[in-house]
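Sharing a structure below in C-alpha coordinates format, with a few things to ask.
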There are 2 protein chains.
Amino acid sequence: MADNRGISAALVRLSFLVQRLYAQVCGRHDLSPAQAQLMCVIKDQPRGMTELTHMLGLERPGLTGLVDRIERRGLLRRETTRHDRRAVMVALTPRGKEITEAFFAEVTDNLQRVVAHLPADDQRQFEDTAFSIILTEHVPAIFGDPEAPAADPTRQESQ
Amino acid sequence: MADNRGISAALVRLSFLVQRLYAQVCGRHDLSPAQAQLMCVIKDQPRGMTELTHMLGLERPGLTGLVDRIERRGLLRRETTRHDRRAVMVALTPRGKEITEAFFAEVTDNLQRVVAHLPADDQRQFEDTAFSIILTEHVPAIFGDPEAPAADPTRQESQ
DNA sequence: TATTGTTATACTCTATAACTATA
DNA sequence: TATAGTTATAGAGTATAACAATA
(Lines give C-alpha, C1' and ligand atoms only; values in the text may rest on other atoms or scores of the structure.)
Protein backbone atom coordinates (compact mmCIF):
# COMPACT_ATOMS: atom_id res chain seq x y z
CA MET A 1 0.00 0.00 0.00
CA ALA A 2 2.43 2.63 -1.20
CA ASP A 3 -0.25 5.31 -1.28
CA ASN A 4 1.04 8.84 -1.48
CA ARG A 5 0.64 9.55 2.24
CA GLY A 6 4.28 8.54 2.30
CA ILE A 7 5.38 11.64 0.49
CA SER A 8 4.46 13.84 3.46
CA ALA A 9 6.48 11.78 5.88
CA ALA A 10 9.31 11.82 3.35
CA LEU A 11 9.23 15.61 3.20
CA VAL A 12 9.07 16.06 6.96
CA ARG A 13 11.86 13.63 7.65
CA LEU A 14 14.01 14.99 4.85
CA SER A 15 13.52 18.44 6.30
CA PHE A 16 14.51 17.13 9.73
CA LEU A 17 17.70 15.71 8.24
CA VAL A 18 18.58 18.97 6.54
CA GLN A 19 17.90 20.99 9.69
CA ARG A 20 20.01 18.66 11.78
CA LEU A 21 22.91 18.79 9.38
CA TYR A 22 22.55 22.55 9.02
CA ALA A 23 22.62 22.95 12.80
CA GLN A 24 25.73 20.79 13.06
CA VAL A 25 27.60 22.95 10.60
CA CYS A 26 26.33 26.03 12.43
CA GLY A 27 27.84 24.69 15.61
CA ARG A 28 31.21 24.27 13.98
CA HIS A 29 31.17 27.92 12.97
CA ASP A 30 29.78 29.10 16.27
CA LEU A 31 26.56 30.33 14.69
CA SER A 32 22.94 29.67 15.52
CA PRO A 33 20.77 28.43 12.64
CA ALA A 34 18.87 31.71 12.62
CA GLN A 35 22.09 33.70 12.46
CA ALA A 36 23.51 31.56 9.68
CA GLN A 37 20.31 31.82 7.71
CA LEU A 38 20.27 35.59 7.86
CA MET A 39 23.92 35.74 6.94
CA CYS A 40 23.37 33.49 3.94
CA VAL A 41 20.56 35.71 2.75
CA ILE A 42 22.80 38.78 2.68
CA LYS A 43 25.84 36.86 1.52
CA ASP A 44 25.89 38.41 -1.93
CA GLN A 45 24.04 41.68 -1.36
CA PRO A 46 22.83 43.89 1.45
CA ARG A 47 19.11 43.84 2.24
CA GLY A 48 16.67 46.05 4.03
CA MET A 49 15.13 45.05 7.34
CA THR A 50 11.61 44.83 5.99
CA GLU A 51 12.74 42.77 3.04
CA LEU A 52 14.56 40.41 5.38
CA THR A 53 11.48 40.17 7.50
CA HIS A 54 9.60 38.81 4.49
CA MET A 55 12.34 36.49 3.31
CA LEU A 56 12.91 34.94 6.70
CA GLY A 57 9.31 34.95 7.84
CA LEU A 58 10.02 36.91 11.03
CA GLU A 59 8.31 39.83 12.73
CA ARG A 60 10.21 43.10 12.91
CA PRO A 61 11.26 42.92 16.56
CA GLY A 62 12.61 39.42 16.16
CA LEU A 63 14.77 40.52 13.27
CA THR A 64 16.02 43.55 15.20
CA GLY A 65 17.30 41.27 17.96
CA LEU A 66 18.80 38.79 15.53
CA VAL A 67 20.65 41.56 13.72
CA ASP A 68 21.74 43.02 17.07
CA ARG A 69 23.36 39.80 18.16
CA ILE A 70 25.20 39.25 14.89
CA GLU A 71 26.27 42.88 14.75
CA ARG A 72 27.57 42.70 18.31
CA ARG A 73 29.91 39.96 17.13
CA GLY A 74 31.17 42.14 14.32
CA LEU A 75 29.81 39.96 11.52
CA LEU A 76 27.45 42.49 9.96
CA ARG A 77 26.80 46.22 9.88
CA ARG A 78 23.71 48.35 9.69
CA GLU A 79 24.07 50.94 6.94
CA THR A 80 21.87 53.91 6.38
CA THR A 81 20.29 55.02 3.16
CA ARG A 82 20.29 58.47 1.59
CA HIS A 83 16.78 58.14 0.09
CA ASP A 84 14.98 57.18 3.26
CA ARG A 85 16.51 58.06 6.56
CA ARG A 86 14.31 55.58 8.39
CA ALA A 87 15.56 52.63 6.37
CA VAL A 88 18.46 50.39 7.31
CA MET A 89 20.46 48.16 5.02
CA VAL A 90 22.07 45.11 6.55
CA ALA A 91 25.42 44.04 5.10
CA LEU A 92 28.10 41.55 6.09
CA THR A 93 31.47 42.76 7.29
CA PRO A 94 34.55 41.20 5.63
CA ARG A 95 34.83 38.83 8.57
CA GLY A 96 31.14 38.01 8.37
CA LYS A 97 31.44 37.35 4.68
CA GLU A 98 34.39 35.06 5.26
CA ILE A 99 32.55 33.02 7.83
CA THR A 100 29.41 32.88 5.71
CA GLU A 101 31.29 31.64 2.66
CA ALA A 102 32.94 28.93 4.71
CA PHE A 103 29.65 27.95 6.32
CA PHE A 104 27.88 27.93 2.98
CA ALA A 105 30.55 25.79 1.37
CA GLU A 106 30.47 23.31 4.23
CA VAL A 107 26.70 22.93 4.17
CA THR A 108 26.81 22.50 0.41
CA ASP A 109 29.51 19.91 0.76
CA ASN A 110 27.67 18.00 3.46
CA LEU A 111 24.42 17.94 1.53
CA GLN A 112 26.16 16.73 -1.58
CA ARG A 113 27.58 13.87 0.45
CA VAL A 114 24.07 12.99 1.52
CA VAL A 115 22.95 12.44 -2.06
CA ALA A 116 26.24 11.08 -3.29
CA HIS A 117 25.06 7.48 -3.14
CA LEU A 118 22.28 8.16 -5.65
CA PRO A 119 22.65 7.63 -9.41
CA ALA A 120 23.33 10.91 -11.23
CA ASP A 121 20.01 10.65 -13.02
CA ASP A 122 18.11 10.37 -9.77
CA GLN A 123 19.96 13.34 -8.37
CA ARG A 124 19.09 15.44 -11.39
CA GLN A 125 15.48 14.42 -11.32
CA PHE A 126 15.24 15.02 -7.60
CA GLU A 127 16.71 18.47 -7.95
CA ASP A 128 14.33 19.32 -10.79
CA THR A 129 11.31 18.22 -8.82
CA ALA A 130 12.47 20.08 -5.73
CA PHE A 131 12.93 23.27 -7.72
CA SER A 132 9.54 22.83 -9.29
CA ILE A 133 8.03 22.77 -5.82
CA ILE A 134 10.16 25.65 -4.55
CA LEU A 135 9.27 27.88 -7.48
CA THR A 136 5.60 27.00 -7.38
CA GLU A 137 5.50 27.83 -3.69
CA HIS A 138 7.63 30.96 -4.05
CA VAL A 139 10.13 29.85 -1.45
CA PRO A 140 12.56 32.73 -0.97
CA ALA A 141 16.25 32.31 -1.83
CA ILE A 142 17.34 31.79 1.75
CA PHE A 143 20.35 29.73 0.74
CA GLY A 144 21.97 32.13 -1.65
CA ASP A 145 22.48 31.09 -5.19
CA PRO A 146 24.28 34.15 -6.57
CA GLU A 147 22.64 33.56 -9.97
CA ALA A 148 19.15 34.24 -8.66
CA PRO A 149 18.61 38.02 -8.61
CA ALA A 150 16.57 37.81 -5.41
CA ALA A 151 12.82 37.92 -5.47
CA ASP A 152 11.64 40.64 -3.14
CA PRO A 153 7.97 40.51 -2.27
CA THR A 154 8.34 44.03 -0.92
CA ARG A 155 9.05 45.37 -4.37
CA GLN A 156 6.99 48.47 -4.92
CA GLU A 157 9.40 50.93 -6.50
CA SER A 158 9.51 53.90 -4.11
CA GLN A 159 6.20 55.30 -2.93
CA MET B 1 25.92 25.37 -15.82
CA ALA B 2 23.44 23.24 -13.96
CA ASP B 3 26.17 21.69 -11.83
CA ASN B 4 25.00 19.79 -8.82
CA ARG B 5 25.62 22.65 -6.36
CA GLY B 6 21.97 23.32 -7.01
CA ILE B 7 20.84 20.26 -5.13
CA SER B 8 22.05 21.70 -1.82
CA ALA B 9 20.10 24.90 -2.28
CA ALA B 10 17.13 22.80 -3.33
CA LEU B 11 17.32 20.78 -0.13
CA VAL B 12 17.74 23.80 2.13
CA ARG B 13 14.90 25.72 0.53
CA LEU B 14 12.64 22.69 0.46
CA SER B 15 13.34 22.20 4.13
CA PHE B 16 12.52 25.85 4.75
CA LEU B 17 9.19 25.39 2.99
CA VAL B 18 8.33 22.32 5.02
CA GLN B 19 9.27 24.02 8.29
CA ARG B 20 7.21 27.07 7.43
CA LEU B 21 4.18 25.02 6.55
CA TYR B 22 4.66 22.82 9.61
CA ALA B 23 4.82 25.91 11.82
CA GLN B 24 1.66 27.31 10.28
CA VAL B 25 -0.28 24.15 11.05
CA CYS B 26 1.21 24.17 14.55
CA GLY B 27 -0.16 27.65 15.05
CA ARG B 28 -3.65 26.55 14.10
CA HIS B 29 -3.50 23.84 16.77
CA ASP B 30 -1.87 26.07 19.34
CA LEU B 31 1.29 23.99 19.42
CA SER B 32 4.93 24.92 19.00
CA PRO B 33 6.87 22.96 16.37
CA ALA B 34 8.91 21.26 19.09
CA GLN B 35 5.77 20.24 20.96
CA ALA B 36 4.08 18.94 17.82
CA GLN B 37 7.16 17.00 16.86
CA LEU B 38 7.37 15.26 20.19
CA MET B 39 3.67 14.49 20.11
CA CYS B 40 3.95 12.99 16.64
CA VAL B 41 6.76 10.76 17.80
CA ILE B 42 4.65 9.27 20.58
CA LYS B 43 1.46 9.30 18.53
CA ASP B 44 1.26 5.54 18.20
CA GLN B 45 3.26 4.37 21.18
CA PRO B 46 4.75 5.67 24.42
CA ARG B 47 8.49 6.25 24.51
CA GLY B 48 11.15 6.62 27.15
CA MET B 49 12.85 9.93 27.82
CA THR B 50 16.27 8.75 26.72
CA GLU B 51 14.86 7.25 23.56
CA LEU B 52 13.09 10.53 22.77
CA THR B 53 16.30 12.37 23.40
CA HIS B 54 17.92 10.35 20.62
CA MET B 55 15.02 10.58 18.21
CA LEU B 56 14.60 14.32 18.57
CA GLY B 57 18.26 15.17 18.89
CA LEU B 58 17.85 17.00 22.20
CA GLU B 59 19.80 16.99 25.45
CA ARG B 60 18.06 15.58 28.51
CA PRO B 61 17.26 18.88 30.22
CA GLY B 62 15.70 20.29 27.10
CA LEU B 63 13.41 17.32 26.78
CA THR B 64 12.42 17.55 30.44
CA GLY B 65 11.24 21.11 29.90
CA LEU B 66 9.47 20.27 26.66
CA VAL B 67 7.63 17.38 28.30
CA ASP B 68 6.81 19.61 31.27
CA ARG B 69 5.12 22.21 29.12
CA ILE B 70 3.04 19.70 27.17
CA GLU B 71 2.12 17.83 30.32
CA ARG B 72 1.05 21.05 32.00
CA ARG B 73 -1.47 21.46 29.20
CA GLY B 74 -2.82 17.98 29.77
CA LEU B 75 -1.73 16.57 26.42
CA LEU B 76 0.62 13.89 27.71
CA ARG B 77 1.43 11.96 30.84
CA ARG B 78 4.61 10.66 32.41
CA GLU B 79 4.16 7.01 33.32
CA THR B 80 6.45 4.95 35.49
CA THR B 81 7.84 1.54 34.76
CA ARG B 82 7.89 -1.52 36.96
CA HIS B 83 11.29 -2.78 35.70
CA ASP B 84 13.25 0.40 36.30
CA ARG B 85 11.98 2.90 38.81
CA ARG B 86 14.19 5.63 37.40
CA ALA B 87 12.71 5.38 33.93
CA VAL B 88 9.77 7.41 32.66
CA MET B 89 7.52 6.58 29.72
CA VAL B 90 5.88 9.47 27.94
CA ALA B 91 2.41 8.84 26.51
CA LEU B 92 -0.31 11.03 25.01
CA THR B 93 -3.55 11.57 26.88
CA PRO B 94 -6.77 11.01 24.91
CA ARG B 95 -7.00 14.74 24.31
CA GLY B 96 -3.35 14.85 23.27
CA LYS B 97 -3.90 12.00 20.88
CA GLU B 98 -6.90 13.73 19.37
CA ILE B 99 -4.98 16.91 18.75
CA THR B 100 -1.99 15.04 17.38
CA GLU B 101 -4.10 13.08 14.92
CA ALA B 102 -5.74 16.26 13.68
CA PHE B 103 -2.39 18.01 13.42
CA PHE B 104 -0.84 15.07 11.64
CA ALA B 105 -3.67 14.85 9.14
CA GLU B 106 -3.52 18.55 8.41
CA VAL B 107 0.22 18.56 7.81
CA THR B 108 -0.13 15.53 5.57
CA ASP B 109 -2.90 17.21 3.66
CA ASN B 110 -0.98 20.44 3.23
CA LEU B 111 2.15 18.70 2.03
CA GLN B 112 0.18 16.67 -0.47
CA ARG B 113 -1.22 19.91 -1.84
CA VAL B 114 2.32 21.16 -2.29
CA VAL B 115 3.21 18.29 -4.62
CA ALA B 116 -0.23 18.02 -6.21
CA HIS B 117 0.83 19.90 -9.33
CA LEU B 118 3.47 17.31 -10.15
CA PRO B 119 2.85 14.34 -12.46
CA ALA B 120 2.18 11.16 -10.50
CA ASP B 121 5.37 9.61 -11.81
CA ASP B 122 7.46 12.50 -10.56
CA GLN B 123 5.81 12.29 -7.16
CA ARG B 124 6.57 8.60 -6.91
CA GLN B 125 10.14 9.03 -7.98
CA PHE B 126 10.63 11.94 -5.64
CA GLU B 127 9.27 9.95 -2.73
CA ASP B 128 11.50 7.01 -3.56
CA THR B 129 14.59 9.15 -3.70
CA ALA B 130 13.68 10.93 -0.50
CA PHE B 131 13.23 7.64 1.32
CA SER B 132 16.47 6.37 -0.07
CA ILE B 133 18.21 9.35 1.52
CA ILE B 134 16.27 9.08 4.76
CA LEU B 135 17.03 5.40 5.18
CA THR B 136 20.67 5.79 4.25
CA GLU B 137 21.05 8.58 6.79
CA HIS B 138 19.03 6.78 9.46
CA VAL B 139 16.65 9.67 9.96
CA PRO B 140 14.37 8.75 12.86
CA ALA B 141 10.63 8.33 12.30
CA ILE B 142 9.75 11.73 13.69
CA PHE B 143 6.61 11.98 11.60
CA GLY B 144 4.96 8.77 12.60
CA ASP B 145 4.16 6.26 9.98
CA PRO B 146 2.43 3.60 12.08
CA GLU B 147 3.78 0.91 9.74
CA ALA B 148 7.37 1.54 10.75
CA PRO B 149 8.02 -0.27 14.04
CA ALA B 150 10.25 2.54 15.30
CA ALA B 151 13.98 2.25 15.14
CA ASP B 152 15.34 2.84 18.61
CA PRO B 153 19.06 3.47 18.75
CA THR B 154 18.84 2.90 22.49
CA ARG B 155 17.80 -0.68 21.97
CA GLN B 156 19.74 -2.92 24.30
CA GLU B 157 17.14 -5.34 25.61
CA SER B 158 17.57 -4.92 29.33
CA GLN B 159 20.81 -6.97 28.97
C1' DT C 1 30.00 3.41 39.19
C1' DA C 2 26.93 4.12 35.47
C1' DT C 3 22.42 5.53 34.10
C1' DT C 4 17.82 8.03 34.34
C1' DG C 5 15.88 12.21 35.03
C1' DT C 6 15.59 16.74 37.07
C1' DT C 7 17.06 21.38 38.71
C1' DA C 8 19.70 25.61 38.12
C1' DT C 9 21.27 28.87 35.01
C1' DA C 10 22.00 31.40 30.85
C1' DC C 11 21.20 32.67 26.07
C1' DT C 12 18.97 32.61 21.71
C1' DC C 13 14.71 32.97 19.25
C1' DT C 14 10.40 34.98 18.48
C1' DA C 15 5.82 37.07 19.27
C1' DT C 16 2.73 41.14 20.71
C1' DA C 17 2.23 45.85 22.06
C1' DA C 18 3.82 50.37 22.40
C1' DC C 19 7.03 53.82 20.92
C1' DT C 20 10.18 57.03 17.84
C1' DA C 21 11.47 59.08 13.67
C1' DT C 22 10.68 59.85 9.06
C1' DA C 23 7.69 60.07 4.79
C1' DT D 1 -1.48 58.74 8.43
C1' DA D 2 1.45 55.16 7.05
C1' DT D 3 5.91 53.08 7.16
C1' DA D 4 10.74 51.70 9.07
C1' DG D 5 12.79 50.20 13.04
C1' DT D 6 13.36 49.83 17.95
C1' DT D 7 12.27 49.01 22.86
C1' DA D 8 9.80 46.46 26.42
C1' DT D 9 8.23 42.28 27.85
C1' DA D 10 7.29 37.46 28.06
C1' DG D 11 7.57 32.69 26.99
C1' DA D 12 9.49 28.77 24.40
C1' DG D 13 13.54 26.17 23.18
C1' DT D 14 17.97 24.35 24.22
C1' DA D 15 22.69 23.85 26.10
C1' DT D 16 26.05 22.96 30.10
C1' DA D 17 26.87 21.80 34.81
C1' DA D 18 25.49 19.94 39.04
C1' DC D 19 22.41 16.99 41.53
C1' DA D 20 19.07 12.98 43.01
C1' DA D 21 17.61 8.39 42.84
C1' DT D 22 18.09 3.89 41.19
C1' DA D 23 20.72 -0.01 38.99
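Atom set for the values below is all heavy atoms of this structure, side chains included, hydrogens, waters and symmetry mates excluded. Lettering of chains follows the sequences in order, A, B, ..., and the numbering in each one begins at 1.
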(message) I'd like to check the side chain to side chain donor-acceptor pair (under 3.5 Å) partners of B:Asp109; sequence neighbours left out, ordered by chain and number.
(response)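 If we apply the side chain to side chain donor-acceptor pair (under 3.5 Å) test to B:Asp109, skipping adjacent residues, the hits are B:Arg113.
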(request) Sequence neighbours left out, what pairs pass salt bridge (charged side-chain N to carboxylate O under 4.0 Å, His left out) with at least one residue falling in residues 52-69 of chain A? (result)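 Residue pairs with at least one partner in residues 52-69 of chain A: A:Asp68-A:Arg78.
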(message) Holding to salt bridge (Lys or Arg N to Asp or Glu O under 4.0 Å), I want the full list of residues that pass it with B:Glu137, two or more places apart in sequence or in another chain.
(response) none
Just distance, no hydrogens or angles: give the donor-acceptor pairs under 3.5 Å from side chains in residues 86-95 of chain A, sequence neighbours left out.
{"unit_1": "A:Arg86", "atom_1": "NE", "unit_2": "A:Asp84", "atom_2": "OD1", "d": "3.2"}
{"unit_1": "A:Arg86", "atom_1": "NH2", "unit_2": "A:Asp84", "atom_2": "OD2", "d": "3.0"}
{"unit_1": "A:Thr93", "atom_1": "OG1", "unit_2": "A:Gly74", "atom_2": "O", "d": "2.8"}
{"unit_1": "A:Thr93", "atom_1": "OG1", "unit_2": "A:Leu75", "atom_2": "O", "d": "3.3"}
{"unit_1": "A:Thr93", "atom_1": "OG1", "unit_2": "A:Gly96", "atom_2": "N", "d": "3.0"}

(request) Name all residues meeting the side chain to side chain contact (heavy atoms under 4.5 Å, CB included) criterion together with A:Leu58; count only those two or more places apart in sequence or in a different chain, and write none if there are none. (result) A:Leu56, A:Leu63, A:Leu66
(message) By the side-chain hydrogen bond (donor to acceptor under 3.5 Å, both in side chains) test, which pairs, at least two apart or in different chains, include something from residues 24-40 of chain B?
(response) B:Arg28-B:Glu106, B:His29-B:Glu106, B:Asp30-B:Arg73, B:Gln35-B:Arg73
(message) According to ring pair (Phe, Tyr, Trp, His ring centres under 6.0 Å), who are the partners of B:Phe126, at least two apart in sequence or on a separate chain?
(response)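 B:Phe126 satisfies ring pair (Phe, Tyr, Trp, His ring centres under 6.0 Å) with A:Phe126 only.
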(request) Identify, residue by residue, the members of residues 57-76 of chain A with a heavy atom below 4.0 Å from DNA chain D, and return them in order of residue number, or none. (result) A:Arg60, A:Pro61, A:Thr64
(message) Could you work out, with ring pair (Phe, Tyr, Trp, His ring centres under 6.0 Å) as the rule, every residue matching A:Phe131, not counting sequence neighbours?
(response) none
(request) Please collect all salt bridge (charged side-chain N to carboxylate O under 4.0 Å, His left out) contacts where either partner lies in residues 15-26 of chain B, sequence neighbours excluded, each pair once. (result) none
Every protein N/O lying under 3.5 Å from an N/O of nucleotides 19-21 of chain C:
none

(request) Starting from Watson-Crick (N1-N3 plus N6-O4 or O6-N4) and G-U wobble pairs under 3.5 Å, report the runs of at least three that DNA chain D belongs to. (result)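 Paired runs of 3+ in DNA chain D: C:1-3 with D:21-23, C:5-23 with D:1-19.
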